[in-house]
Amino acid sequence: MLRMSTLFLRTLRDDPADAEVASHRLLVRAGYIRRIAAGVYSWLPLGYITFRNIERIVREEMDAAGFQEVHFPALLPREPYEATNRWNEYGPDLFRLQDRKGGDYLLGPTHEEMFTLMVKGEYSSYKDLPLALYQIQTKYRDETRPRSGIIRGREFVMKDSYSFDLTDEGLIESYNKHRAAYIKTFDRLGLKYNIVKAVAGAMGGSGSEEFLAPCETGEDTYVLCEKCGYAANVEAMRTAVLPVDSSKVAPLQEVDTPNTPTIDSLVAVLNERFGGGYTGANTLKNVLLIADGEIISVLVPGDREVDLKRLQANLEGVQELRLFEDADFAKNPGLVKGYVGPQDAQKLGVTVYADPRIGPGTSWVTGANKKDCHALNVVNGRDFEVTNYVDAAEVIKGDACPTCSSPIIIDRAIEIGHIFQLGRKYAQALDLTVLDSDGKSRVVTMGSYGIGVSRAVAAIAEQTHDEIGLCWPAEIAPAHVHIVATGKEDNPFNVALALGEEIEKLGKTVMLDDRRDASPGVKFKDAELIGNPIIVVVGKSLADGNVEVRVRATGDRTEVALDVAAGAIVALLS
RNA sequence: CGGGGCGUAGCGUAGUGGCUAGCGCGCCUGCUUUGGGAGCAGGAGACCGGAGGUUCGAAUCCUCUCGCCCCGACCA
């Protein structure tokens, strides 16, 4: 039983000045966590109990799925990360340190290498596969900007697992097993979430989905179709390419359009000149960028911006991407700022990428590659060629769902889990092979799967809190029942203690506010701030042989006879 | 890394050149109080983030530096 008279806890009446988001604010105020450095937090007793509850649920579900737990050091040598080139690739996000002899070490940001090497060290036959291992470990990433308290820290706890299979089909099976285990886990954690198509990103690999917990303070933006259930990270959202019949479009015509370097100014001139009807959506925006040193042009409708994040995520193999600058225009006189069109791209040495909205046969108004001059009726396939289609335009609420064409909604969320079909990248780099039944050596294919355990504390807090405090699901809360004893006589305190013991015998955990010096108001405020699901008040109503039972989430209050209270409270929890 | 903001007691803050750095919460002692962050009285707690400088005099002005928060860039 957690007794508040001795519990190491000090709640704060005021919000901490350095906390903005609700989870951070409340976790600090309620005495769960304290900041140590930017993105680095300590867990106080209440916080650590909550953290361990989440960890326990994650572990139980991993074990139930048949995955085996191992544990690596957080402190790792350089060599394995050198072999996969991540010592370099990870860049400044990697916490690096040296030992007294000058040897390079790192604090593990993720452990693909170590798992791969561990399996390599023990197994060498196809008969040993499939295999899935996991660990729950503190990870370190020197984020450029840690933020939102515990949501994005530089030190955090993650459950990461890895599957090892001989075949691609086996990988898909392992992936689906993890997916199912994740669904069970997040359901038990009481999180609302969407499973969303993701881009594989720097990890490489093919299939990838994110588990996103919707909440305002989330850092990830995703789209959701409420009709058919399609969900995708904005970066991964696909746009359907619709072929258009362009045979009746008039031939390309160049027109003088002085002082129209922007879409708005162009539209105004067009409407003035041709009697209205033009909008930004009729124009073609040519955004010039430098991708790994080469000039590329990205075509989007004039009424949309290029979403650089989305573009980068969908441009395969491009490491460095930046916008064209004035200096670049100066070096390329054929490209006229404000009047660029795709018509002469090949001649000008520009590779043309187009958002799928710029489909074959579509007709546009765009720059004529001459100052103060635009071109009408510029048709894709007739007047210019697109090298590659790439989803690059910003996604806007109401855009058509790629599967059912209904309008999509856009929402923000915290990424709480990510599952990946990694493939053979790491196994290849570290030479993890097994002998197949035909005696030939084959490279193993891997999946990697993560759950942010410490982040889940914040995500649950974000989704469940209200104006007065935290409000945990029963399995997560520091205690199932929070008993408040009030009054100055001994009796309520003795009754509260006995009731607590009775509830514990029935298998539920109890926090008891047995502080003699705190006023009732303080105890009620603290109980509400701390957020255990059931609050029981032992005090005034004891005169009628009752205690008061409150449900934290709804505020419901009922008087219950003391002799049946324990049973009634336990029943409320199931 | 760019932009913005902020460092004064455990927490929240006032104090823009001049007495002993002020207040609220919290903490300690005593008395009273006990169903919604109690009252009275007394008390402890601050090298004003750090270094250097200007000045008769610096929390306050200047320079440098360290740290923190927010937006963006970045990020399995």
Side-chain angles (χ1 to χ4, degrees), chain A residues 9-21 24-25 28-29 31 34-40 84 86 89-94 108-112 139 141-149 151-154 156 158-162 198-205 208-211 217 219-220 233 235 308-309 312-313 320-323 415-422 425-426 446-452 455 468-469 484-489 492-493 513 515-529 535 537-543 547-548 550 557 559:
Chain A
L9 170 71
R10 187 110 302 151
T11 57
L12 304 177
R13 193 183 290 234
D14 300 307
D15 283 334
D18 61 356
E20 200 100 331
V21 302
H24 187 197
R25 234 176 47 228
V28 171
R29 264 193 67 199
R34 291 288 181 258
R35 195 184 65 76
I36 297 300
V40 181
T84 54
R86 288 214 292 184
E89 265 177 18
Y90 230 97
D93 278 13
L94 197 59
T110 169
H111 284 70
E112 279 78 6
K139 309 279 185 181
R141 290 180 198 172
D142 193 0
E143 299 279 353
T144 40
R145 183 153 91 85
R147 68 180 91 177
S148 308
I151 294 175
R152 173 178 293 279
R154 294 192 295 174
F156 57 98
M158 178 161 93
K159 187 287 306 175
D160 53 328
S161 16
Y162 303 85
V199 286
M203 298 295 302
S208 161
E209 289 170 294
E210 292 170 338
F211 288 71
T217 50
E219 311 177 273
D220 283 43
N233 192 302
E235 292 157 23
L308 282 176
K309 262 179 147 174
Q312 175 121 45
E320 206 190 327
L321 189 67
R322 64 171 177 85
L323 284 167
E415 179 184 347
I416 48 172
H418 201 154
I419 53 179
F420 268 96
Q421 294 172 28
L422 264 190
K425 174 177 172 181
Y426 292 90
M446 294 170 57
S448 99
Y449 317 91
I451 291 179
R455 177 180 280 184
I468 57 175
V484 175
T486 66
K488 57 177 177 181
E489 307 303 324
F493 288 83
D513 197 341
R515 290 175 295 178
R516 290 294 191 128
D517 48 354
S519 71
V522 170
K523 295 181 181 180
F524 296 149
K525 293 284 186 204
D526 275 348
E528 285 151 357
L529 178 61
I535 298 168
V537 185
V538 180
K540 275 207 165 142
S541 48
L542 215 47
V547 296
E548 186 183 315
R550 304 180 183 179
R557 303 178 180 195
E559 296 274 318

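In what follows, every chain begins at residue 1, and chains take the letters A, B, ... in the order their sequences are listed.
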Before giving the answer on side-chain contact (heavy atoms from CB on, under 4.5 Å), spell out for A/Tyr90 and A/Thr110 the whole-Å C-alpha distance, their side-chain angles and the decisive distance to 0.1 Å. CA-CA 11 Å; A/Tyr90 230 97; A/Thr110 169; 3.9 Å; yes
Looking at B/rC61, which nucleotide sits across from it as a Watson-Crick or G-U wobble partner, both distances under 3.5 angstrom, or is there none? B/rG53
Whole-angstrom distance between B/rA14 and B/rC48, as gauged at atom C1': 13 Å
What is the separation between atom CG on A/Leu12 and atom P on B/rG24, rounded to the nearest whole Å? 19 Å
Taking a pair to mean Watson-Crick or G-U wobble geometry with both distances below 3.5 Å, B/rU29 pairs with B/rA41
For atom CZ of A/Arg35 and atom C1' of B/rC6, their distance in whole Å: 12 Å
Nearest-neighbour nucleotide for the A/Arg152 side chain, B/rC75, B/rC68, B/rG12 considered: B/rC75
B/rU34 versus B/rG5 - spacing of their C1' atoms, nearest Å: 44 Å
Across all strands, who's sitting opposite B/rC1 as a Watson-Crick or G-U wobble pair, both distances under 3.5 Å? B/rG72
Report the nucleotide, chosen from B/rG24, B/rG35, B/rG72, that has the shortest atom-to-atom distance to any side-chain atom of A/Arg145. B/rG72
If the threshold is 4.0 Å, N to carboxylate O, is there a salt bridge linking A/Arg515 and A/Asp513? yes
Report the distance from atom CD of A/Glu559 to atom P of B/rG35, rounded to the nearest whole Å. 14 Å
Which base sits across from B/rG67 as a Watson-Crick or G-U pair, both distances under 3.5 Å? B/rC6
Any strand: nucleotide that pairs with B/rC23 via Watson-Crick or wobble, under 3.5 Å: B/rG12
Mind calculating the distance between CG (A/Asp517) and P (B/rG26) to the nearest angstrom? 11 Å
Find the distance A/Lys309:NZ to B/rC75:C1' and express it as a whole number of Å. 8 Å
Where the side chain of A/Ala37 is defined as all heavy atoms beyond and including C-beta, which of B/rC70, B/rC68, B/rA73 is the nearest nucleotide? B/rC68
Can the positive tip of A/Arg455 be found less than 6.0 Å from the middle of the six-membered ring of A/Phe156, inside 45° of the ring normal? no
Determine the interatomic distance between P on B/rG4 and the same-named atom on B/rC64; round to the nearest Å. 15 Å
Criterion side-chain contact (heavy atoms from CB on, under 4.5 Å) on A/Thr217 and A/His24, from CA distance to verdict: CA-CA 11 Å; A/Thr217 50; A/His24 187 197; over 6 Å; no
Report the nucleotide, chosen from B/rG35, B/rU13, B/rC71, that has the shortest atom-to-atom distance to any side-chain atom of A/Ala17. B/rU13
A side-chain contact here means heavy atoms from C-beta on lying under 4.5 Å apart; do A/Ile451 and A/Phe211 qualify? no
Minimum side-chain heavy-atom gap A/Glu112-A/Asp160 below 4.5 Å: no
Take atom P in B/rA9 and the same atom in B/rA46, then report the distance between them in whole Å. 10 Å
Classify the side chain of A/Arg29 versus the base of B/rG37 as yes if they form a donor-acceptor pair under 3.5 Å and no if they do not. yes
Sticking with atom P, work out how far B/rA58 lies from B/rG2, rounded to a whole angstrom. 34 Å
Determine whether a donor-acceptor pair (one donor, one acceptor, N or O, separation below 3.5 Å) exists between the side chain of A/Arg557 and the base of B/rG36. yes
Identify which nucleotide among B/rC71, B/rC74, B/rC68 has an atom closest to any side-chain atom of A/Arg154, counting heavy atoms from C-beta outward. B/rC68
A/Asp142 CG - B/rC1 C1' separation (whole Å): 13 Å
With respect to the phosphate group of B/rG37, does any side-chain polar atom (N or O) of A/Lys525 fall under 4.0 Å of OP1 or OP2? no
Quick one: on RNA chain B, does A/Val21 or A/Ser541 contact a more 5' nucleotide (nearest heavy atom)? A/Ser541
Presence of A/Arg13 side-chain N/O under 4.0 Å of B/rG26 phosphate oxygens OP1/OP2: yes
Looking at every strand, decide which applies to A/Glu219 at a 4.0 Å heavy-atom threshold: base, sugar-phosphate, or nothing. nothing
A/Asp18 CG to B/rC71 P, straight-line distance once rounded to whole Å: 13 Å
Among B/rC68, B/rG35, B/rC74, find the nucleotide with the atom closest to the side chain of A/Glu548. B/rG35
Can you tell me how far P in B/rC61 sits from the matching atom in B/rG18, rounded to whole Å? 11 Å
Base of B/rG37, side chain of A/Asp526 - is there a donor-acceptor contact under 3.5 Å? yes
Kindly indicate whether the side chain of A/Glu528 and the base of B/rG37 share any N or O donor-acceptor pair separated by less than 3.5 Å? no
With rounding to whole Å, what would you report as the distance between B/rG17 and B/rC28 at their P atoms? 39 Å
Among B/rC75, B/rG35, B/rG72, the one nearest any side-chain atom of A/Val537 is B/rG35
Take A/Thr486 and A/Lys540, measure what side-chain contact (heavy atoms from CB on, under 4.5 Å) needs, and give me the verdict at the end. CA-CA 8 Å; A/Thr486 66; A/Lys540 275 207 165 142; 5.8 Å; no
Using a heavy-atom cut-off of 4.0 Å across all strands, would you classify A/Arg550 as base, sugar-phosphate, or nothing? base
Taking only side-chain nitrogens and oxygens of A/Ser519, does any of them come within less than 4.0 Å of OP1 or OP2 of B/rA38? yes
P spacing across the pair B/rC40 / B/rG7, given as an integer number of angstrom: 31 Å
Using a strict cut-off of less than 4.0 Å between a Lys/Arg side-chain nitrogen and an Asp/Glu carboxylate oxygen, indicate whether A/Glu219 and A/Arg147 qualify as a salt bridge. yes
Figure out the CD1/C1' separation between A/Ile151 and B/rC75, and round it to whole Å. 15 Å
Take A/Arg141 and A/Arg10, find for each the nucleotide of RNA chain B with the closest heavy atom, and name the residue whose nucleotide sits nearer the 5' end. A/Arg10
Which of the following nucleotides, B/rG35, B/rC70, B/rG37, is nearest to the side chain of A/Leu529? B/rG37
